[in-house]
Amino acid sequence: MQYDPGSFEAKWQDRWEQDKTFYAVEDESRPKFANIQMYPYPSGVLHMGHLRNYTYVDVMTRFKRMQGFNVLAPMGWDSFGLPAENAAIAAGVHPREFIESQIAQMKVQLRRLGAVYDWSRELASHEPAYYRWDQWLFLQLWERGLAYKANAPVNWCPKDQTVLANEQVVEGLCERCGTAVEKRDLDQWFFKITEYADRLLPDDSQLEEWPPRVRVMQQNWIGRSQGVTFGMEISGRQEVFDVFTTRPDTTFGMTFAVLAPEHPLVETLLAGSDLEEAGRAFVTEVRQESDIDRLATDRPKKGFFLGVKAINPINGTEVPLYMADYVLMGYGTGAIMAVPGQDQRDWDFAVAHDIEIIRTVQPPDDFEGEAYTGDGVIINSDWLDGLDKDAGIAQSIEWFEGQEIGKGDVKYRLRDWLISRQRYWGAPIPMISCPECGLVPVPETELPVLHPDVEDYQPKGRSPLAAVEDFVNVGCPSCGGPAKRETDTMDTFVDSSWYFLRYSDPHNEDAIFDPEKVKYWMPVDLYVGGVEHAVLHLLYARFIVKVLADMGLVEFSEPFLRMFTQGMITKDGAKMSKSKGNVVSPDPLYDFYGADAVRLYELFIGPATDDAVWTDRGVEGTSRFLKKVWRLGTEVETVDRDAADGDRAVIAKAHRTLRKVGSDIERFHFNTAVAALMELNNALADYVRSDDGARNETFDEAYGMLLKMLAPMAPHMSHELWEMRGGEILADESWPDWDPDLVVEESVTMVVQISGKVRARLEVATGISEDEAIALALGNERIVGLLDGLEPKRVIARPPKLVNIVM
RNA sequence: GGGCGAGUGGCGGAAUUGGUAGACGCGCAGGAUUCAGGAUCCUGUGAGCAUUACGCUCGUGGGGGUUCAAGUCCCCCCUCGCCCACCA
C-alpha cells in the first residue's frame, strides 16, 4: 500500500480540532506545561523560515502531552503596531481588514502543517477586549509613578513618522525600516524601566535555562557601571557640576573636565560671555550631527573651551573646562573628569587640544603613545601611590565619601522605555490633558478607550487620532471642564509584554486575568522565539512581570523559565524573507510530499539553534524515510515463532532509541532525534529481512514504539498507521519508558591500540573486567604478531571500550 | 576597541566524562528491477598507497604543547558569525 499523505492528513487535522485534543483546562492532578511561542504579527503568507519555529513548538506540545503534562498550547496575534500597520499600508488596505484576513490565512497554513493549538484561548492585541487591559496596565504604571510624560531628545524615524524606543534603533537606524533616525525634542510618554535596571540584570539563578547569549545581550544593554559621583566647583563662580567616574583611583591624573554640549550649565556659562556666539554655534553644530556620525569612534573629537577652570577636589588643581561631542548628556551626569593617561578618548582629546597628560598608573615598559587602561601600580597620586587599581578605587571612594564631596554610585546604560507612537494602529494611551487639572487618567470604569476607525490613517508626523474631533474633545474626568485626549498610541511592545499571561484567562472581562488561573499556568515553562527580541520584547516582558509581581498580581518575577532561540533558515546566502525574494512556500511541498515530510526536514535540517540553508533535496530524504516506515507498517508479513537473539536485539535497539529520542527532544536536538529514528527504522528493516523473519510480538512492539516516537514529529502518518493497526488516538498514548535492563548492550566492540593506533577490534561482553580485557588483547593473534615478542612498556585498559598497549 | 560563539568529507551535519572521527541524511558511483523514465531495493563512498593482506600512511582552519590517547584540554595565530561600542 502506497504512502499517500494527501489521503489522510486533512482527516487528522480535523480530528484533533473537533475532538479538542489539545485544548487545556486547569487540572491539579497533572503537572502543567505552558509551551508558548512568541506570538507572530500577522504577516500572511508563511514560509519555511517561519515554519521551523512552529514545528519545534508543535513537537514539544505533542511530546509533553504524551509525557503526561497538562500542556497549554495557545496562539495569538501581535496585530497592533508598526509591523502590521506598515504591511497594511503597503498592501493598500485598512489595517483592521488587512490583519483580519492575514490571520485567517495563517490559521489555514498552521493547520496544514499539523500544528495544534488550544484555539479557545486565541487572542489578538488589536481587539478592544485585549487592549483594554493594555490601557489598564498603563494606568497602574501611572499610579505607581512608573509612567510619565516628559520632553526629551528622542529618536524620530522620518520614514515611519514616529518616535522609537532606544531598543528599536539599531546602529542609528530604524529597526523596522532601516532609515537613519533623527534626534528631536518632543513631549513623550515613558515607562520607567530604569527603576528596575538592577532587578533586570540577568540573574543566573533564575535564568539558568536561557541561552547565555541572550543573557549577555541583556546584560550589555542594561550596562551597569559602578563608580563615584562627585561635585566639581568652577573657579571664581558659584556653579557646581557633578561628574561620574568608574576610575576614582585616577583622579590625580585629571588634566581637564568636559561637559556634554546639551549640559544645562553650558548655556549658563556662555550667557553674556565673550564666547557666547561661538559656543552656541558649536552646540548647534554638534546637535545637528546624526547619531551615526556621533557614534563613530574613529573621527576626531570636537571640543570647545568654555573659558573657565574647574577645580579637581582631590588636589585643588585648576583644570580647563571644555564641552565636547564625545560626552553624552544621556549617560551618567553628562559631565566627566578627563584623565588622558588612563582613558583613550581623553587621550585623543588631550593630544588634539594640546593638554597635559599625567599617567597615574605605571604602564609596562615600552608602553607609550596611548592611554594605559590596564592594572598597575599607582603613581603621581600622592597618598594613592603604590596601590593597585582595586585598592586605589576602594581608598579613593572612602576619601570622597569622608570629605563629603562624592559618593559611591551606580549608573546604567539602559534608558527609560519610550512607549508613545505618533501612529494610528495601536492602543490609545488612556490619558486626558485638562487645562485646569493637568494630566488626568481615564477612570478604569471608562476603559477601553476605543480606538476610532478613521479614513485617513497614513502616518504624517502626528497621530492620525488627533484629527478625530469627537475622540479628542472630552470632559475632564476630574473637573468636568473641556479637555483633550492623548492621541498618541502605545508601542506594540506594550501589547506583547504581558499577552502570555492572558492565555491563562483570555476571556476575562472584569480583570486583566484571574490571579488563580495565572498561578496555575504561569510562568511560561518553555518560550520559543527569535534572538532578535533579546533586548526588546524579552526585556520589556521581564520588566512588566516584575511590576505585576510588585502589585501582587503574580507570584513570580521572571515570566519565562526556559527560553529557546531558534536559528534562521537561509537561502541564497540570506535570511528567507519576502523582501529578499527567496522564500520557499510550504504549499507545493505539502502537496507533493505531505506535511510530515516537511516537518521532519525542518527538524532534521541541522541543530535547532543554528542557521540552516534550505535545500529542496532535504525534504526528499525525509520523505523517503517516511515511505519506508509506511511500507514496514503496511506490507510486512510477520510470523509466529519463538523469540531469538535477533528479537532481543531489535527490542533493545528500540529502547536505546527511546532513551535517545526522549532526551534529544527535551534538549531541542531534533536533528539527532530524527537520525536515531532513521537508524531504528533501518534496524527494523534488516530484522524483517533476516532469515528467521519478523516475529509477531517483536515486530509489533518495536514498530509500535517507533510510531509513538514519531507521533510528535510526523503526527499525521503515525496517527494513521496507529489506527490502521488497531489503535485509538495515538496522541492519547503515553510516551513509553525505556527499560534500563534492555538499553544495556550485551556486547560491544573493544578496540586494541598499540601506542594509540587501532590495531584490532574485538567483540567483548559489556561487563568484561580489566584483567580479562588485557588478557584478550594480548592474546589476540594479530596483536601477538605485531608485538613480535617485545615487552609492552605499559598497558592501559578502559574496559569494555579500549585497551592501549604502549611500546 | 571590548565580549561571546564557531571552523569536521563534494554538501547538511554526528561524536556524555579526552578513548573506534565522519552516525544519520543529501549527492555521487556500480548493480538489481523496468520497454523506458520515475520510483524502489542492494553495494560502495574522507584522502593517498596498496588490493598479497578489510593492510599501511595521512586526516577535524594553521602552528605549538599536555597525555598511553586530543575534534574534545592548554598557549599562539588565521578566518567567519553575533552582541556591545566615544557609556566616562
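Note that these values count all heavy atoms, side chains included, but never hydrogens, waters or copies made by symmetry. All chains are named by letter (A, B, ...) in the order of the sequence lines, taking the proteins before the strands, and each is independently numbered beginning at 1. Computed from a predicted structure; not experimentally measured.
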Inter-nucleotide P distance (B:G13, B:G30), Å rounded: 29 Å
Across every strand shown, the nucleotide meeting Watson-Crick or G-U wobble geometry with B:A29 (both distances under 3.5 Å) is B:U43
Could you check whether the rings of A:His537 and A:His533 sit parallel, tilted or perpendicular, using 30° and 60° as the cut-offs? perpendicular
Within the 4.0 Å heavy-atom criterion, would you say A:Gly621 contacts the bases, only the backbone, or no part of the nucleic acid? sugar-phosphate
Integer angstrom distance from the P of B:C80 to that of B:A14: 23 Å
Please work out if A:Arg224 contacts a base, only the sugar-phosphate, or nothing of the nucleic acid, heavy-atom cut-off 4.0 Å. nothing
Under 30°, 30 to 60°, or over 60°: which ring-plane class applies to A:Phe305 and A:Tyr322, parallel, tilted or perpendicular? tilted
Paired with B:G1 by Watson-Crick or G-U wobble geometry, both distances under 3.5 Å: which nucleotide is it? B:C84
Counting only heavy atoms not in A:Lys801 (residues, nucleotides, ligands), do more than 12 fall under 6.0 Å from its NZ? no
From CG of A:Leu626 across to C1' of B:C26 the rounded distance in Å is 16 Å
Determine the interplanar angle of the A:Trp417 and A:Tyr540 rings, folded into 0 to 90°, and report it as parallel if under 30°, tilted if 30 to 60°, perpendicular if over 60°. parallel
Same-atom distance (P) from B:G2 to B:G10, integer angstrom: 36 Å
Whether A:Lys301 and A:Asp325 form a salt bridge (side-chain N of Lys/Arg under 4.0 Å from carboxylate O of Asp/Glu) is what I want to check. no
Nearest whole Å is fine: how far is B:C24 P from A:Leu706 CG? 16 Å
Could you check if the base of B:G9 is syn or anti? Syn means the glycosidic torsion is within 90 degrees of 0. syn
Whole-Å distance between B:G25 C1' and A:Leu680 CG? 16 Å
Taking the side chain as every heavy atom from C-beta outward, state whether A:Tyr326 and A:Phe349 have any pair of such atoms under 4.5 Å apart. yes
Take A:Trp221 and A:Tyr412, measure what ring-ring contact (aromatic ring centres under 6.0 Å, His included) needs, and give me the verdict at the end. CA-CA 9 Å; A:Trp221 190 260; A:Tyr412 298 92; over 10 Å; no
Pick base, sugar-phosphate or nothing for A:Gln753, based on heavy-atom distances below 4.0 Å to the nucleic acid. base
Atom C1', compared across B:G71 and B:G18: separation rounded to whole Å: 10 Å
Taking 4.0 Å as the cut-off, does a side-chain nitrogen or oxygen of A:Arg759 come that near to OP1 or OP2 on B:G55? no
Ignoring hydrogens and angles, are the base of B:C68 and the side chain of A:Asn804 linked by a donor-acceptor pair under 3.5 Å? yes
Assign A:Lys628 to base, sugar-phosphate, or nothing according to its heavy-atom contacts below 4.0 angstrom with the strands shown. sugar-phosphate
Using whole Å, what does the distance between atom P of nucleotide B:A88 and atom CZ of A:Phe244 come to? 7 Å
Scanning all shown strands, the Watson-Crick or wobble mate of B:U52 with both distances under 3.5 Å is none
In whole angstrom, give the distance that lies between atom CZ of A:Phe625 and atom P of B:C41. 13 Å
Which nucleotide, in any strand shown, forms a Watson-Crick or G-U wobble pair with B:G7, with both distances under 3.5 Å? B:C78
Using atom C1' of each nucleotide, how far apart are B:G3 and B:G12 to the nearest Å? 30 Å
At less than 4.0 Å, is any side-chain N or O atom of A:Arg761 found next to OP1 or OP2 of B:C54? Yes or no. no
Look at A:Asn682 and B:A23 and indicate whether a side-chain polar atom (N or O) is within less than 4.0 Å of OP1 or OP2. no
If you measure from the C1' atom in B:U52 to the same atom in B:A70, how many Å do you get, rounded? 35 Å
A:Glu679 with A:Lys653: basic N within carboxylate O range, under 4.0 Å: yes
For A:Lys627, the salt bridge (charged side-chain N to carboxylate O under 4.0 Å, His left out) test, sequence neighbours excluded, returns none
Roughly, in whole Å, what's the span from NE2 in A:His533 to P in B:C83? 14 Å
What integer distance in Å separates A:Lys411:NZ from B:A88:P? 12 Å
Does a side-chain N or O from A:Arg798 land closer than 4.0 Å to OP1 or OP2 of B:U17, or not? no
Just by protein heavy atoms under 4.0 Å, how would nucleotides 5-16 of chain B read 5' to 3' in B, S and -? -------BSS--
Complementary nucleotide of B:G37, counting Watson-Crick and G-U pairs under 3.5 Å: none
Check the distance between B:C82's C1' and A:Trp221's CH2 and give it to me in whole angstrom. 15 Å
Please measure how far the C1' atom in B:C24 lies from the corresponding atom in B:G37, and state the result in whole Å. 29 Å
Between A:Arg794 and B:C68, is there a side-chain N or O to OP1/OP2 distance below 4.0 Å? yes
What distance, rounded to whole Å, do you find between the two P atoms, one in B:G64 and one in B:C11? 26 Å
Which residues pass the side-chain contact (heavy atoms from CB on, under 4.5 Å) test with A:Val758, sequence neighbours left out? A:Val751, A:Gln753, A:Arg761
